[in-house]
Amino acid sequence: MPELPEAETIVRDLRRRILGATIGGVEVIHPDILAPGLTAVKFAERVVSYTIAEVERRGKNVILVLDDNRHVITNLGMTGRLVVSDSPHASQMRHVAIRYTLDDGRALLFDDSRRFGRVAVLDSENFRAWSASLGDEPLSNDFTPERLFEITRGSRTPIRNWLLDQRRIAGVGNIYANEALFRARIRPDRPAKDLRREETDRLHQALRGVLTDAIAARGTTLSDYRDGNGETGGYEPMLQAYGREGEPCPRCGATIERIVLSNRSAFFCPECQL
DNA sequence: AACGCGCCCTGTCCGC
DNA sequence: TGCGGACAGGGCGCGT
């Protein structure tokens with residue numbers, strides 16, 4: 001389940017490997033992963049013969065900036081992978097939705113078994129509007145403790161749900177939301193606006209810490225995530241609460257509980273998360 | 001208008 | 001061994 005750290009890992013891999021490559025052709029095997037209204041023909045017209053000038057990330061999205069300044073936005077959804085064909089595991093990609101042929105003979109594969117992923121191509125003006133619709137980058141300098149306190153005011157939604165809303169903070173999914181709340185010792189079902197300043201300060205630090213550590217470990221692999229080389233991430237053994245229902249809390253030894261918020265599991269320690 | 005919920009989709013796991 | 005059902009949850013459309 002690619003979140004910010006997994007997208008960042010993929011971006012760094014792709015930046016190193018395909019920056020400056022020209023897209024010679026594109027094959028859309030599963031057109032349903034194209035953004036609404038985008039046909040395979042239009043998609044090909046907008047990417048073929050252009051050079052990949054930059055590789056960037058916005059939230060959980062991987063962005064290829066082409067040399068005509070169009071932006072190819074890939075949302076990886078639950079099971080999306082972006083893998084270069086000469087990496088050792090490329091042959092294992094069994095659900096390739098898009099194959100970009102590169103002029104150096106390699107290919108960039110977008111593999112997505114569940115096809116929850118989406119690919120869009122936007123010019124720079126529409127890209128700016130799209131980017132503006134997303135919330136703060138949690139690792140940016142603009143995302144300060146004051147800022148987190150301010151933007152949590154006025155929302156009664158449980159803080160775990162609040163963290164998942166990409167319009168508020170971009171890049172946090174269920175795994176790192178739960179891990180950050182564990183680190184910050186805050187229950188996932190607390191209404192966002194009820195958090196005191198000292199608690200949003202802890203959450204700010206925990207969120208950035210969890211995301212930074214996960215990037216350093218090249219992401220979390222539960223089942224589907226692969227980096228740009230097709231390799232698994234290393235953060236999973238470091239998860240302290242997510243997926244650990246019934247296991248002892250690594251901080252206090254109490255039993256980790258699972259509750260459901262908005263049809264999504266939340267894991268927490270009932271003793272040391274308040 | 002903020003918020004919750006159901007849906008999309010398939011691989012995996014579990015019980016029988 | 002096979003199979004049905006539960007489960008995973010990002011994002012979006014819709015209803016309240």
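Predicted model only: the values in this text are computed from it and were never measured. In what follows, every chain begins at residue 1, and chains take the letters A, B, ... in the order their sequences are listed.
Here R258(A) reaches the OP1 or OP2 of dA8(C): one of its side-chain N or O atoms lies under 4.0 Å away. The shortest distance between the side-chain N/O atoms of T79(A) and the OP1/OP2 oxygens of dC9(B) is not below 4.0 Å. Residue S262(A) has no polar side-chain atom (N or O) positioned under 4.0 Å from OP1 or OP2 of dC3(B). Between N75(A) and dG11(C) there is a side-chain polar atom (N or O) within less than 4.0 angstrom of OP1 or OP2. Q166(A) has no side-chain polar atom (N or O) that falls below the 4.0 Å cut-off from OP1 or OP2 of dG10(C).
Across dG10(C), dG4(B), dG11(B), the shortest atom-to-atom separation from the side chain of H95(A) is found for dG11(B). Of the candidate nucleotides dG10(C), dC9(B), dC5(B), dC5(B) has the atom nearest to the side chain of N263(A). With dC3(B), dA8(C), dG11(C) as the candidates, the nucleotide lying closest to the side chain of M78(A) is dA8(C). Candidate nucleotides dG11(B), dG4(B), dC7(B) were compared by shortest atom distance to the side chain of N161(A), and dG4(B) ranks first. Closest to the side chain of P158(A), out of dG10(C), dG4(B), dC9(B), is dG4(B). Taking every side-chain heavy atom of Y242(A) into account, dA8(C) is the closest of dG11(B), dA8(C), dG4(B). For R156(A), the listed nucleotide lying nearest its side chain is dC3(B); candidates were dG11(C), dA8(C), dC3(B). Listed candidates were dC3(B), dG10(C), dA8(C). Nearest to the side chain of T157(A) is dC3(B).
Atom CH2 of W162(A) and atom P of dC3(B) are 11 Å apart (whole Å). dC7(B) atom C1' lies 12 Å from atom CZ of R118(A), rounded to whole Å. R153(A) has its CZ atom 16 Å from the C1' atom of dA2(B), to the nearest Å.
Nucleotides dT12(B) and dG11(C), compared at atom C1', are 22 Å apart to the nearest Å. Rounded to the nearest Å, the gap between the P atom of dC7(C) and that of dC5(B) is 16 Å.
The aromatic rings of F43(A) and Y100(A) lie perpendicular to each other, with more than 60° between the two planes, well past the 30° mark.
Within the 4.5 Å cutoff, side-chain heavy atoms of E3(A) are placed close to those of I175(A).
In this structure, R185(A) is not positioned above the aromatic face of F182(A) in the sense of NZ or CZ being under 6.0 Å from the six-membered ring centre and within 45° of the axis. R244(A) forms no cation-pi arrangement with F267(A), by the criterion of a distance under 6.0 Å to the ring centre and an angle within 45° of the ring axis.
Among the atoms of the strands shown, none is found under 4.0 Å from any heavy atom of R167(A). Nucleic acid contact for R115(A): sugar-phosphate only, since backbone atoms but no base atoms lie under 4.0 Å from a heavy atom of the residue.
Distance check, rounded to the nearest 0.5 Å: CD of E257(A) to CD of E271(A) gives 9.0 Å.
For the pair R94(A) and G154(A), both in contact range of DNA chain B, the more 5′-proximal nearest nucleotide belongs to G154(A).
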